[in-house]
Amino acid sequence: MSQQVYPVPESFLKNARTTAEDYAAKYQQSVTDNAQFWREQAQSIDWIKPFTKVRDVSFDKDNFHVEWFGDGQLNVSANCLDRHVANHPDKPAIIWEGDHPYRHKIISFRELHQEVCRFANVLKKQGVKKGDRVTLYMPMIPEAAIAMLACTRIGAVHCVVFGGFSPDSLASRIEDSQSSVVITANEGLRGGKTIPLKTNVDAALQMPGTTGVTSVITVYHTEHPTPMQQGRDIWYHEAIAEVNEDCPPEPMDAEAPLFILYTSGSTGKPKGVLHTTGGYLVYAATTFREVFDIRPDDVYWCTADVGWITGHSYLLYGPLANGTTTVMFEGVPQYPTWARIGQIIDKHDVTILYTAPTAIRSMMREGDHYVRESDRHSLRLLGSVGEPINPEAWSWYYNVVGEGRCPIVDTWWQTETGGILISPIPGATPLKPGSATQPFYGVQPAIVDGEGNILDGVCEGNLVLIDSWPGQMRTVYGDHQRFIDTYFSTFNGMYFTGDGAKRDKDGYYWITGRVDDVLNVSGHRLGTAEVESALVAHAAVAEAAVVGMPHEIKGQGICAYVTLQADVTPTEELRKELRDWVRREIGPIATPDAIHWAPALPKTRSGKIMRRILRKIAANELDTLGDTSTLADPSVVDNLIETVYPDH
Ligand code: ATP
Ligand code: MG
């Protein structure tokens, strides 16, 4: 744990909306009278029918219920569009940046509103009704946002499946959600390569389980023909030309389902996380405004794909509910070169950048000069999400990308939580690299031991939430028992996050990784994040993943998989040097027992390291690797096995 403290940069402090004292007072109030706090926040949303009751909550597993704003009614698309059309119709709602650097499109709130209404009418014409599920399998193009918002306009439940998934993964999600309509594009484009989306949909719809799909709506995105099945397939542009733009927003109960989204699958079979309308929107809108310190003229860029929760809450709903201009990028950071991120910032005068540690580490690995090709004068705030960020990567992000003037909000949250739960408030929170710092207003984290006893002060253990917040998931779609079992049965009366955390003397939280991944070496508990950060801090190391492996004496030994910097050669001396390095950085207990050179690490499609698989490889349990369908590149696993077991 690096205890270096970065005070709020001077230039940021000058205009800060929230000071450290404000935060402390407001936080205290928000937990003392939680209902009052959220009643006030909910005023920033337009209600068709105002709610009278704020919360009705019990985390007791035998009497579980969670309701927020229960008797209110609202419409998400009206909150994201109609009210901004009234105030600033010509303000850009979406700035779309294509895969190719010469393609971009700016869509105003007025234009977005029109297109969403039209597409909502297309959905109606296809027989989609309130409560019906619609699967999206889309590239990062404005039509993805349009389709999501159109679903919310008529009360349909969208289920976005990441466009990088295989036909099998798509089919299992269509089946699980029982969708009747699929929206896709003929092809996607990423880094100059095409992805055969429509062909994948066709393959998925051949599978048993998906026969409920009656129509497929396809965006003609690349100049590439695709076979269309009579009676089932329609073109987006043809369908939208046949309808008008008059589509009043459907009044929805606050607790009506809004969307289903599958978790990224780092730990096992993905869960169909169900979020509801009122609580989710209030939470996404409030956290977005406060955590990103939003001002009317911000140009905000979140690099996440719409297929992930970050793409839902902080690419689409949070920004648009606040009337903020949101940048949507179709491509990848390395195309055409690693300078692309900086070029996009300059091109659109981006003020806030929100991205993931995996992207930061890969940019850092390629060297500073790519970033330095750009000015980045417009930038004022940086964000990180998805994994613990290693202090080394944090410093690079802070000093090189942000040139020391932009605070970093390291935001901890989950698909299940709907929005950010632990994060600095820029302007108010002094930063510590690698710590997500403090809870958001109204959020009550706690750290418990194995028996569920709440620990005080400086401590380490399981991270739980002891009270509800409006954005929390309401169920696992179609399997409420799995929901209760997974989140509310480990520790009665608490939401169990599955993550481990430490709290330091300033009350800052440090996520140590998933509890299942925590190492237990000779009776000492060690977080994976800590050992990995020590390795990444060595100049030769680009990325590292650490897992436990069976060890006769210690019970568990430490096995590290290390990806070296592009120009470093692996040698026995280096292996020894790294062992000594970790021993010095953390202590003898953390010395790796094995270090494997990994050409690349197995990651989920959202870029998270899949330690579950690394653990199996370390234990030589190669026959039971488990579900690998959510891996970004399955060949990484074969290469690793070959490296670790050359004779296999
Ligand atoms: P699954 O639940 O299917 O295994 P997943 O947990 O990877 O998948 P997400 O909901 O996308 O799916 O990820 C949430 C998890 O990501 C958190 O529980 C935590 O482990 C990690 N995480 C997210 N943000 C941060 C952060 N800022 N710091 C540390 N860890 C983070
Ligand atoms: Mg998870």
Side-chain angles (χ1 to χ4, degrees), residues 1 160 162 165 169 173 261-273 275 287 291 302 304-314 354-360 382-391 393-394 397 408-424 431-440 445 462-465 471-473 476 482-483 486-487 490 495-502 508-518 527-530 532-533 545 602-613 626-632:
M1 260 161 48
V160 184
F162 174 56
F165 278 140
S169 307
R173 287 162 177 76
L261 185 64
Y262 293 84
T263 55
S264 74
S266 312
T267 50
K269 185 176 175 281
K271 302 170 271 282
V273 169
H275 282 288
T287 48
V291 171
C302 164
D305 192 278
V306 288
W308 310 122
I309 189 69
T310 310
H312 283 55
S313 303
Y314 300 115
Y354 190 35
T355 191
T358 179
I360 297 165
L382 300 169
S384 170
V385 60
E387 286 181 293
I389 177 165
N390 325 98
W394 193 100
Y397 196 29
I408 297 177
V409 288
D410 176 1
T411 60
W412 175 84
W413 59 296
Q414 310 178 300
T415 309
E416 295 90 335
T417 69
I420 295 163
L421 294 189
I422 304 183
S423 164
L431 306 172
K432 297 185 191 180
S435 170
T437 76
Q438 297 186 312
F440 187 72
N462 304 295
L463 182 63
V464 299
L465 280 309
Q472 79 169 98
M473 74 184 283
V476 169
R482 186 175 177 203
F483 171 64
T486 309
Y487 304 103
T490 317
Y495 169 88
F496 178 42
T497 64
D499 286 344
K502 289 185 186 182
Y508 278 37
Y509 287 83
W510 299 73
I511 309 299
T512 51
R514 292 155 203 280
V515 173
D516 298 347
D517 292 336
V518 166
T528 49
E530 197 169 358
E532 286 162 8
S533 290
K603 290 187 183 165
T604 64
R605 298 274 177 173
S606 54
K608 293 164 196 263
I609 298 168
M610 253 209 228
R611 292 181 192 75
R612 168 170 66 82
I613 289 179
D627 183 7
T628 52
S629 66
T630 58
L631 271 175

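When a ligand or atom number is given, it counts from 1 through the structure's own listing order. Keep in mind that the numbers below use all heavy atoms, side chains included, and drop hydrogens, waters and symmetry copies. Just so you know, residue 1 is the first one in the sequence shown, and it goes up from there.
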Donor-acceptor pair, side chain of T263 and main chain of K271, under 3.5 angstrom: yes
Any donor-acceptor pair under 3.5 Å linking the side chain of Y397 with the backbone of G383? yes
Side chain to side chain contact (heavy atoms under 4.5 Å, CB included) partners for V515, two or more places apart: N462, F496
Using side chain to side chain contact (heavy atoms under 4.5 Å, CB included) as the criterion, list what pairs up with T512, not counting sequence neighbours. E460, K502
Looking at ligand 1, does any of its N/O atoms fall within less than 3.5 Å of an N/O of R514? yes
Under 3.5 Å: N/O of A436 near N/O of ligand 1: no
Sub-4.0 Å heavy-atom approach of [X] to ligand 1:
| X | value |
| --- | --- |
| S606 | no |
| I309 | no |
| Y262 | no |

Under 4.0 Å from any heavy atom of I511, which atoms of ligand 1 are there? 29 (C), 30 (N)
One residue to check: [X]. Relative to ligand 1, which of side chain, backbone, both or neither has a non-hydrogen atom less than 4.0 Å away?
| X | answer |
| --- | --- |
| E416 | side chain |
| T415 | both |
| T604 | neither |
| P388 | both |

Looking at W308, Y509, W412, the heavy atom closest to atom 31 (C) of ligand 1 belongs to W412
Between Q414, K608, K271, which one has a non-hydrogen atom sitting closest to atom 13 (O) of ligand 1? K608
Determine, stepwise, if the pair K603 / E387 fulfils salt bridge (Lys or Arg N to Asp or Glu O under 4.0 Å). CA-CA 12 Å; K603 290 187 183 165; E387 286 181 293; over 6 Å; no
R605 NZ/CZ over F162 ring centroid, <6.0 Å and within 45° of normal: no
Is there a donor-acceptor contact under 3.5 Å linking the side chains of Y354 and T411? yes
Over 60° means perpendicular and under 30° means parallel, so tell me whether Y487 and Y495 are parallel, tilted or perpendicular. parallel
